[in-house]
Amino acid sequence: MFRNFIGGAWLEGPGVARNINPSDTRDLVGEYAQADADQARQAIAAAEVAFPAWSLSTPQQRFDILDAVGAEVLARRAELGDLLAREEGKTLPEAIGEVVRAGNIFKYFAGEALRPGGEAMPSVRPGVGVEITREPLGVVGIITPWNFPIAIPAWKIAPALAYGNCVVFKPAELVPGSAWALAEILSRSGLPQGVFNLVMGRGQEVGATLLEDPRVAAITFTGSVATGQKVAAACVARMAKFQLEMGGKNPMIVLDDADLDVAVNCAVNSGFFSTGQRCTASSRLIVTDGIHDRFMLAMVERMKSLTVDDARKPGTDIGPVVDQTQLERDRAYVDLAQAEGGRLVLGGEAIAHSVDGQPGFYMSPALITDSTPGMRINREEVFGPVVSVQRARDYEHALALANDTPFGLASGIATTSLKYATHFKRHAQAGMVMVNLPTAGVDYHVPFGGRKGSSWGAREQGRHAAEFYTTLKTSYTHA
Ligand code: NAD
């Protein structure tokens, strides 16, 4: 049994959750203690007690701890990647890549702990000096989704600690394994008792407790729009700071002048890899008339070559969907798209077994053409291997279609024209823009986040993370 980590102690909870491998539902990944609201409050209390001393810890102390955590994560990439692939279903190379990213994030924020954070400037009044400094917030509640079980926790926990905050971390119910493994590393890192706490449990209970408790100064949340709205309402009601990273319906434009191989690679990578379960997935392809038919032929050829199989088997391109509920949801969207007038060109079937006969939640990647902007397949996030295609007359039409969405996370274009690439970077309504690259690949040291219905508040990652995890103080001194 894997336990919660509260106030420096490993504690059982009132419940137990079983974690199942989506590539083989007979495989029990582990049994994880489930905290309740009381234990969540216990973790908050421990973090609150630890905060005054931790907020005064030296940058060198924080550097040493975060750097060592990053080093251990990197050194154990194969083992942690295997666990991640086993519990979430992304392929082994993708899972190891995610673990490496998590390790690098800890090392990056180790460095950020040393960065001078303030400014000094003259006052408009004689003899007065002004200093602007950044201070930690206090207890930060961290609530994460299941699709990046170690990278998203890392990009929230590392900056929270680097800037001197204490943490209560509630991972997604479906992926406690990676969260627990990261917590275990943090528990041996030299952090004082109570600075970092892990509470596994249900969102409506443990997550909601973090939202409502006045001792939690700030909430950083990644997940669905529906839950994000609850986070926002609860935080506004008690004036707590919050940050939301939510869904996407990311477009990828393919222009007549695109390099066909580049366009297909971008579309397949962003649409289907990680089983389409990425907030930055290109789930909407917008293809101009002159290349449309050639692109579709190449796309279908490429899709036929993809292997859907056990996430940990060498050669697998696409692992399973995370669970039965998500599989049914993905399938329902394929049916809905057809009912709305779209044409299913390929895929979209639930597959009950891996190539070797293991029971799992597999699905063949689905491509739907003849779709129009108003169809739900083009407006709602599916979060599975389902991609729709819209035709566009020209670049201007394609850009208008790309921006016609309530979301604004990532937006991509495949083109060899500098003119269109430059125009697109300026006019795409998204927080992240990719030219001749998959929308789903991002660096770990630069801002991550979107606009419109995708995000709220300060950006994550990179040095801009300081805007969320610290608060400014302006001091005036008359010498
Ligand atoms: P979800 O909203 O169902 O759950 C996210 C987290 O919120 C979980 O830990 C859950 O337990 C918790 N939660 C649920 N109800 C809660 C409540 N009432 N109070 C407090 N916490 C609660 O999302 P999910 O299904 O785990 O993740 C998929 C979603 O995440 C997709 O929409 C995807 O686009 C989004 N996502 C966004 C980004 C990004 O950075 N923009 C990255 C990854 C995933």
Side-chain angles (χ1 to χ4, degrees), residues 17 32 34-35 37 40 87-90 98 101 141-156 168-176 178-179 198-213 216 219-235 237 240 242-250 270 274-283 321-323 325-327 329-330 333 380-384 405-411 430-432 439-440 442 444 447-461 465 468:
Y32 293 84
Q34 295 287 284
E87 74 170 347
E88 196 266 352
K90 65 182 59 166
E98 184 181 332
R101 180 175 175 174
I142 294 180
I143 302 177
T144 55
W146 50 263
N147 67 324
F148 281 92
I150 196 162
I152 291 180
W155 88 43
K156 294 178 187 296
V168 179
F169 167 41
K170 194 217 87 69
E173 291 91 320
L174 285 170
V175 289
S178 303
L198 168 74
V199 279
M200 299 175 284
R202 291 188 320 117
Q204 289 96 324
E205 183 167 7
V206 175
T209 303
L210 299 185
L211 302 186
E212 284 153 20
D213 196 301
V216 178
I219 296 283
T220 173
F221 168 83
T222 301
S224 63
V225 173
T227 311
Q229 284 167 336
K230 289 182 193 162
V231 174
C235 289
F242 66 100
Q243 171 189 57
L244 312 174
E245 287 298 343
M246 300 170 288
K249 193 72 207 177
N250 310 292
S270 291
S274 295
T275 326
Q277 299 176 146
R278 294 188 283 205
C279 52
T280 47
S282 298
S283 50
V321 167
V322 73
D323 70 355
T325 309
Q326 187 65 44
L327 180 62
R329 186 183 146 94
D330 297 347
Y333 268 106
E380 298 170 16
E381 183 181 51
V382 177
F383 222 55
T405 169
F407 295 105
L409 191 56
S411 195
M432 295 174 291
T439 53
V442 295
Y444 65 83
F448 178 97
R451 50 177 79 167
K452 292 166 58 176
S454 289
S455 302
W456 176 275
R459 284 287 192 271
E460 303 215 68
Q461 289 204 148
F468 181 73

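Note that ligands are numbered from 1 as they come in the structure, with each ligand's atoms numbered from 1 the same way.
A donor and an acceptor atom, one from each side chain of Thr222 and Lys156, are located under 3.5 Å apart. At a cut-off of 3.5 Å, with distance as the only test, a side-chain donor of Glu87 or Ser178 sits close to an acceptor on the other residue.
Partners of Phe221 under the ring pair (Phe, Tyr, Trp, His ring centres under 6.0 Å) rule, at least two apart in sequence or in another chain, do not exist in this structure.
Using a cutoff of 4.0 Å between basic side-chain nitrogens and carboxylate oxygens, Glu173 and Arg202 are not scored as salt-bridged.
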Item to complete: Just do the side-chain contact (heavy atoms from CB on, under 4.5 Å) check on Glu380 and Val225 with the steps written out, would you?
Response: CA-CA 11 Å; Glu380 298 170 16; Val225 173; over 6 Å; no
Note every protein N or O atom lying under 3.5 Å from an N or O atom of ligand 1, pairing the names and giving the distance.
residue: ligand 1; atom: 2 (O); partner: Ser224; partner atom: N; Å: 2.9
residue: ligand 1; atom: 2 (O); partner: Ser224; partner atom: OG; Å: 2.6
residue: ligand 1; atom: 2 (O); partner: Thr227; partner atom: OG1; Å: 2.7
residue: ligand 1; atom: 9 (O); partner: Thr144; partner atom: O; Å: 2.7
residue: ligand 1; atom: 9 (O); partner: Lys170; partner atom: NZ; Å: 3.2
residue: ligand 1; atom: 11 (O); partner: Lys170; partner atom: NZ; Å: 2.9
residue: ligand 1; atom: 11 (O); partner: Glu173; partner atom: OE1; Å: 2.7
residue: ligand 1; atom: 11 (O); partner: Glu173; partner atom: OE2; Å: 3.3
residue: ligand 1; atom: 19 (N); partner: Gly203; partner atom: O; Å: 3.4
residue: ligand 1; atom: 23 (O); partner: Ser224; partner atom: N; Å: 3.3
residue: ligand 1; atom: 25 (O); partner: Trp146; partner atom: NE1; Å: 3.0
residue: ligand 1; atom: 26 (O); partner: Trp146; partner atom: N; Å: 3.4
residue: ligand 1; atom: 30 (O); partner: Gly223; partner atom: O; Å: 3.3
residue: ligand 1; atom: 32 (O); partner: Glu381; partner atom: OE1; Å: 2.6
residue: ligand 1; atom: 34 (O); partner: Glu381; partner atom: OE1; Å: 3.3
residue: ligand 1; atom: 34 (O); partner: Glu381; partner atom: OE2; Å: 2.6
residue: ligand 1; atom: 41 (N); partner: Met246; partner atom: N; Å: 3.4
residue: ligand 1; atom: 41 (N); partner: Met246; partner atom: O; Å: 2.7

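Phe383 and Trp146 have perpendicular rings, their planes meeting at more than 60° on a 0 to 90° scale where under 30° would count as parallel.
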